[in-house]
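Below, read A as the first sequence line, B as the second, and so on, with proteins coming before strands; counting in each chain starts at 1.
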Amino acid sequence: MILVPDRSLELLSRDFYERPTTEVSRDLLGRYLVLQRPGEADHIGKLVEVEAYVGAEDRASHASRGHTRRTAPMFEEAGRAYVYLIYGMYWCLNVVTEEVGQPCAVLIRAVEPVQGLTLASNGPGKLCRAYGLDGTWNRADMTSSPLRITAGEPVDQASIAASPRVGVDYAAEWAEKPLRFFITGNRHVSRPPKPKRQDLLPR
DNA sequence: GGCTCGATCTTG
DNA sequence: AAGATCGAGCCC
């Protein structure tokens, strides 16, 4: 049973991720996050919200504390997962970007359900719960493993908005940089911007 | 060894 | 507005 066009399930290559992290972040919107496990329905969601973590200088990034056991994957091969536990109870999924040695990654914050997702996926912790992802997926190769990102439905730049990242108030000037990217108006974005007054007027 | 805090989410 | 819940990172 084909529920999505075949082309949308083509893998993104390693090269895709070996580019500047903000560029990769924007280009990831509209792509599909796919999880295929034996004995389970395929899970497919369209990326609608991501955040860029752009290197060791980025005070909001775990990598700002250097190369440690936890952050090691960020320094490694692009296209692999960096999965970590936050607040003792939620897993968060990133995909590593740029060259080996550059600790950069994109946090996947929300997906729009396409197929097989039964739980809410509008938030980094919630989407890992919806896919059933945990720390065992750390370093999974997202260009080839059962957990992967595929071509999906690429989005034009005009429908992408940027804002400061969520939950990083401690990061001084880095807290304000517009490194969160989302599809304008998409219902599955975790923290939609307040509607403008104008938009609330009856027509 | 102990302390603090977090790239979150839910409930009140 | 505050609590859940625990490992990472840092200091002793």
Rounded to whole Å, please give me the gap between [atom1] in [X] and [atom2] in [N].
| X | N | atom1 | atom2 | result |
| --- | --- | --- | --- | --- |
| A:W91 | C:dC6 | CH2 | P | 11 Å |
| A:R69 | C:dC10 | CZ | C1' | 17 Å |
| A:M89 | C:dA2 | CE | P | 17 Å |

Consider only side-chain N and O atoms of [X] and [Y], and report whether a donor and an acceptor are under 3.5 Å apart.
| X | Y | result |
| --- | --- | --- |
| A:T21 | A:T97 | yes |
| A:S64 | A:R59 | no |
| A:N186 | A:E112 | yes |
| A:E76 | A:Y82 | no |

- Query: Hey, where on DNA chain B does chain A first and last touch, going 5' to 3'? Cut-off is any atom under 4.0 Å from a heavy atom.
  - Reply: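 Nucleotide range in contact with chain A: B:dG6 to B:dT10.
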- Message: Under 4.0 Å from OP1 or OP2 of C:dG9: is there any side-chain N or O of A:T68 that close?
- Response: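 Checking C:dG9 against A:T68, a side-chain N or O does come within under 4.0 Å of OP1 or OP2.
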- Are A:R70 and C:dG7 close enough that a side-chain N or O sits under 4.0 Å from OP1 or OP2?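 No, outside the criterion.
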- Task: Provide the Watson-Crick or G-U wobble partner of B:dA7, both distances under 3.5 Å; none if there is no partner.
- Result: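 None - no nucleotide pairs with B:dA7, as no candidate has both distances under 3.5 Å.
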- Task: Please determine, for C:dT5, whether a Watson-Crick or G-U wobble partner exists with both distances under 3.5 Å, and give it or none.
- Result: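 Its partner is none (no Watson-Crick or G-U wobble pair with both distances under 3.5 Å).
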Approximate separation, where rounding is to 0.5 Å, of [X] [atom1] and [Y] [atom2]:
| X | Y | atom1 | atom2 | value |
| --- | --- | --- | --- | --- |
| A:W137 | A:M142 | CH2 | CE | 9.5 Å |
| A:L107 | A:L179 | CG | CG | 12.0 Å |
| A:F181 | A:S163 | CZ | OG | 9.0 Å |
| A:C104 | A:M74 | SG | CE | 7.0 Å |

- Considering only heavy atoms, which members of residues 45-58 of chain A lie under 4.0 Å from some atom of DNA chain C?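 Per residue number, the list is empty: none.
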- Parallel, tilted or perpendicular: ring planes of A:Y84 versus A:H62, cut at 30 and 60 degrees: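 Rings of A:Y84 and A:H62: perpendicular, as their planes differ by over 60°.
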- Query: NA contact type, A:G125, heavy-atom cut-off 4.0 Å: base, sugar-phosphate, or nothing?
  - Reply: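 The answer is sugar-phosphate, as A:G125 gets under 4.0 Å only of primed atoms, P, OP1 or OP2.
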- Describe the nucleic acid contact of A:R191 in one word from base, sugar-phosphate, nothing, applying a heavy-atom distance below 4.0 Å.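 Nothing, no nucleic acid heavy atom in range.
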